[in-house]
2 protein chains.
Amino acid sequence: MINEPGPYDRIRSKTLLGKVMTAEEAAGLIAAGSNIGMSGFTGSGHPKAVPTALAARIAAARERGERFSVGLWTGASTAPELDGALAAVDGIELRMPYQSDPISRAKINAGLIDYLDVHLSHVAQMVWEGFFGHLDVALIEVSGITEAGDLIPSSSVGNNKTWLDLADRVILEVNSGQPAALDGMHDIYYGTALPPHRVPIPIVRASDRIGIPHFRCPPEKVIAVVPTDAPDRCTVFKEPDQTSRLIAEQLVDFLRHEVKRGRLPAELLPLQSGVGNVANAVLAELDAGPLRPLTAYTEVIQDGMLAMLRSGTMSFASATAFSLSEEASAELLANIDYYRERILLRPQEISNHPEVIRRLGCLAMNGMIEADLYGNVNSTHIMGSSIQNGIGGSGDFARNAYISMFVTPSTAKGGAISSIVPMVSHVDHTEHDVHVLVTEQGLADLRGLAPRRRAAKVIEHCAHPSFRDELQDYFDRALHGENGLQTPHLLDEALSWHSRYLATGSMHH
Amino acid sequence: MINEPGPYDRIRSKTLLGKVMTAEEAAGLIAAGSNIGMSGFTGSGHPKAVPTALAARIAAARERGERFSVGLWTGASTAPELDGALAAVDGIELRMPYQSDPISRAKINAGLIDYLDVHLSHVAQMVWEGFFGHLDVALIEVSGITEAGDLIPSSSVGNNKTWLDLADRVILEVNSGQPAALDGMHDIYYGTALPPHRVPIPIVRASDRIGIPHFRCPPEKVIAVVPTDAPDRCTVFKEPDQTSRLIAEQLVDFLRHEVKRGRLPAELLPLQSGVGNVANAVLAELDAGPLRPLTAYTEVIQDGMLAMLRSGTMSFASATAFSLSEEASAELLANIDYYRERILLRPQEISNHPEVIRRLGCLAMNGMIEADLYGNVNSTHIMGSSIQNGIGGSGDFARNAYISMFVTPSTAKGGAISSIVPMVSHVDHTEHDVHVLVTEQGLADLRGLAPRRRAAKVIEHCAHPSFRDELQDYFDRALHGENGLQTPHLLDEALSWHSRYLATGSMHH
């Protein structure tokens, strides 16, 4: 194996070449009870081989009646061969800060995994601060190792710098399936510190490079190097459906209106866009429109953003990860010299940093599960108790955005669930942080409105017609309540829509 | 009048001296329907004369059957002669961003005043961004006017710079009741901008001076100068009661423990402290303890902080306003040269700026109305619908703090209300933003805990014994629910404690 040309071209440090081993051997170096910081963000750049080998090791230990589980920390979501494999063998004691895996989700909601749902910008600093305990192992996918032993990042950066800095021991997966030409697309900032030693982060444009292209890592900390050749978890790109297109049109109309009113420049401000089909539809709508040249300061570069970079509608995008379909990955590879001039991938504490987001004035567009009459938004929980994925970076962006927008279809489950409810069953973004709500029914601009006026707008513009009368009825009766009219609620009924859904399968009476 | 020495010593600009008039004359220059940006923060530095004259004018117009109300924007809370007087005559159409006046609160909760409850750091930028409409008049108390026409700030800075910059017309109250020696204690930063022109705010220590001591204001915008000689709304300082002392002891013990564990430096990190008796008790406890020299980067300097500056326990405090008792005001005046070396008052967009708070790593200590099992905090609403005061700066600090702590007595209304509830009736600080809860019963450190583990800690450490069993019963039954165990809730009961209080006067069964 060692003599094959392919994977080993990527390991140019002789010291680290000497540490090459199989995934199984590397997994054997991880002790039960370890906290492991793994790479991976939106299915990009996660380790592809060692987690599965570790899951096998855990399963074997379990069969022998031994306890074996680990703390699993990442950038964000990974893939079935990581979250799924480890959750399937009950190998995860504690998971943070974000996941979207069906097996992992089921185990969390069954109470079998402790899940910490943390703002993505907070993770690195809280680990540095020592709030989550000691980090034993960093397991990081890289796309190559230089002769000097520096690490060329892969298709996501996430918390990798922090994991490499803080872990006692480092296991590297060198993935020759990642384009070698990713090299130069990353901006790893080594200027962070714990207070009282922090200084301003010197980004004033999305395109500002403030770091270096590679991770540093003392070679003596590296205990294993595992060559791999495997693709990221490619997402399936769907052409926007009618609902997504309607949402996208409303949102882009709104932005154009803000430009016309002089409240936004013609090239807008740096976009932040969540992932998914609605987000892709918004990006497609922007790509078709006259506003340009746009920029992005965001978490993730998905298909729609790559298309905007290609067309020239967008001049630059800063993010921490890719999340591409197979077709878009091929496009990236085919024209990677073009994209390398227009993309920077940064650590997520920088891509999501409140300081930078506030300074740049990002336009934040995020999906949600539900909103209530008063503009509170639930991004994480189904019917109050079950986690869906996690808050991710939506809070970092919404709180600090120039305009914070949340989008969702007005109904779910074939019309049985209204995304607009009297009171959300879990709050991730408070009424203080939500400026604009958009569904396919319309857009509610909540800026400058007291709660009662927000409710009227949300019912009129965002609710699905089949739920509008019931929402209006709730609101009217709450307005005649005796408990104060700043935010009128009927507490006995406020969560009854969710209860009814759980009992009957529909929020309708 | 003009020849009397007292007040006019403070108006050294000949141009502006020519604009001196009575409060009634100045109020006569304010048109119905105006948006007025007034000075004032925690009862300090608000205009003392023109608002009352304006209230009389509004009352007279009402008697003639005319419509007359205004939009009232401030820094934060003011005093009876401002909020109270204008609310009493139904003269306020819309109020933002914070109030604590009983008459104003009653009118808001009766649905007679539109109230926008905004993060204090967001106000200035959102007005610049044009989200709240046009600012017609700035009505600002100053402590003097220089020969060049620059304005010497008063006992609070708040949003005054923004109001002066943006208003069409300016009315000044020159209060000779404020110490002339305040001059030099302010740091007015003129480096803010709208994106894409924003740059880093160059504060890296609480004591960093980045601006100038005075406000600029084109004299031609000034339409009236009104001399006054009146005190601020002095707060009554109460010696900490047993409950406050117990809360303070827990919190300071916790901080000392964090120092011992190496998670905080011995001089801590800059403190942010909300106002009130519990906050004063915490400051007194710190003043008595060994940790020093401390600093503060906070909103308000209250009695407890002044005492720490005096004793040398605190070396420097940055804030946007004073909020002192009569005795502490006298102490400030008596030793103002000492304090001027150790205090800076800044615009609230700087005192509360996420960028600076995050960089400095503030230790945020704020009061709350209630918290729930999972660490969500309600800072603003009584029983979900009635506003109490507003979120103020608690969100700016909690979200960006090194450690975010919330404190409250475990019960209210003589034991009828539990401050720990199954689900809060309004969320201002989400589970993602709350690290530590403290009551007189104990302290719950929620860092690194999944929601179920938080609940166990909150019940054990924070709940009042008279409510503990009922909380445990709710939690136990929720743990057997079928709707997911990430954040176990029984939606039919989650808000029943509040409903029961409204129906029976007690949260107890």
Side-chain angles (χ1 to χ4, degrees), chain A residues 108-111 114-119 129-133 195-196 198-200 202 204 263 265 269 354-355 358-361 376 381-387 391 395 399-400 402 425-428 430 432 447-448 450 452-453 481 483-489 491-492 494-495 498-499 502, chain B residues 108-111 114-119 129-133 195-196 198-200 202 204 263 265 269 354-355 358-361 376 381-387 391 395 399-400 402 425-428 430 432 447-448 450 452-453 481 483-489 491-492 494-495 498-499 502:
Chain A
I108 291 168
N109 285 323
D114 273 16
Y115 178 49
L116 304 187
D117 187 15
V118 188
H119 297 296
E129 288 160 0
F131 295 174
F132 296 141
R198 288 193 186 136
V199 295
V204 297
R263 289 194 289 244
L269 290 164
E355 170 178 337
R358 175 102 164 212
R359 182 181 304 142
L360 298 183
N376 299 284
H381 282 66
I382 305 292
M383 306 298 146
S385 297
S386 287
I387 193 81
I391 191 168
R399 171 70 64 87
N400 298 291
Y402 197 84
S425 59
H426 187 270
V427 178
D428 295 290
T430 71
H432 316 284
R447 293 173 298 170
R452 288 186 307 280
R453 303 202 188 263
N483 308 321
L485 299 181
Q486 169 68 4
T487 308
H489 268 304
L491 294 180
D492 288 334
L495 298 171
H498 303 85
S499 290
L502 291 172
Chain B
I108 290 166
N109 286 323
D114 273 16
Y115 178 51
L116 304 186
D117 187 15
V118 188
H119 296 296
E129 287 160 0
F131 294 174
F132 296 142
R198 289 194 185 134
V199 295
V204 297
R263 288 194 290 245
L269 290 163
E355 171 178 336
R358 175 101 163 213
R359 182 181 305 142
L360 299 183
N376 299 283
H381 281 67
I382 306 292
M383 305 299 145
S385 296
S386 287
I387 192 82
I391 190 168
R399 172 69 65 87
N400 297 291
Y402 198 84
S425 60
H426 188 269
V427 178
D428 295 290
T430 71
H432 316 284
R447 293 173 299 171
R452 287 186 308 280
R453 303 202 189 262
N483 307 319
L485 299 182
Q486 169 69 5
T487 308
H489 267 304
L491 293 180
D492 289 334
L495 298 171
H498 302 85
S499 290
L502 290 172

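Below, read A as the first sequence line, B as the second, and so on, with proteins coming before strands; counting in each chain starts at 1.
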Report which part of B:Tyr115 has an atom under 4.5 Å of a heavy atom belonging to chain A: side chain, backbone, both, or neither. both
Counting heavy-atom pairs under 4.5 Å to chain A, which of B:Gly111, B:Gly361, B:Ala110 comes out on top? B:Gly111
Between the NE2 atom in A:His119 and the CZ atom in B:Arg399, the distance rounded to the nearest 0.5 Å is 3.5 Å
Do A:Asn376 and B:Val427 have side-chain heavy atoms sitting under 4.5 Å apart? no
What option among B:Asp117, B:Asp428, B:Thr487, B:Leu502 has the most heavy-atom pairs under 4.5 Å with chain A? B:Thr487
Select, from A:Val118, A:Asn483, A:Val204, A:Leu495, the one with the greatest count of heavy-atom pairs under 4.5 Å involving chain B. A:Asn483
Top contributor to chain B contacts, counting heavy-atom pairs under 4.5 Å, from A:His489, A:Arg359, A:Arg198, A:Met383: A:Arg359
Close side-chain approach of B:Glu355 and A:Arg358, heavy atoms under 4.5 Å: no
Counting heavy-atom pairs under 4.5 Å with chain A, which one of B:Gly384, B:Pro265, B:Ala494 comes out on top? B:Gly384
Do B:Ser385 and A:Leu491 come within less than 4.5 Å of each other through their side chains, counting heavy atoms only? no
Among A:Gln486, A:Arg263, A:Arg452, which residue forms the greatest number of heavy-atom pairs with chain B at distances under 4.5 Å? A:Gln486
Where on B:His381 is there a heavy atom nearer than 4.5 Å to chain A: the side chain, the backbone, both, or neither? side chain
Most heavy-atom pairs under 4.5 angstrom with chain B, which of A:Leu116, A:Asp492, A:Ile108, A:Leu360? A:Leu116
Within-4.5 Å side-chain heavy-atom neighbours: A:Thr430 and B:Thr430: yes
Taking every heavy-atom pair that is under 4.5 Å apart, which of A:Ala450, A:Ser386, A:Pro200 has the most such pairs with chain B? A:Pro200
Could you tell me which portion of B:Pro488 (side chain, backbone, both or neither) has an atom closer than 4.5 angstrom to a non-hydrogen atom of chain A? backbone
B:Phe131 and A:Tyr402 have their tightest heavy-atom pair at CE1-O, 3.4 Å
Side chain from CB out, backbone as N, CA, C, O: work out which of these in B:Leu269 comes under 4.5 Å of a heavy atom of chain A, or both, or neither. side chain
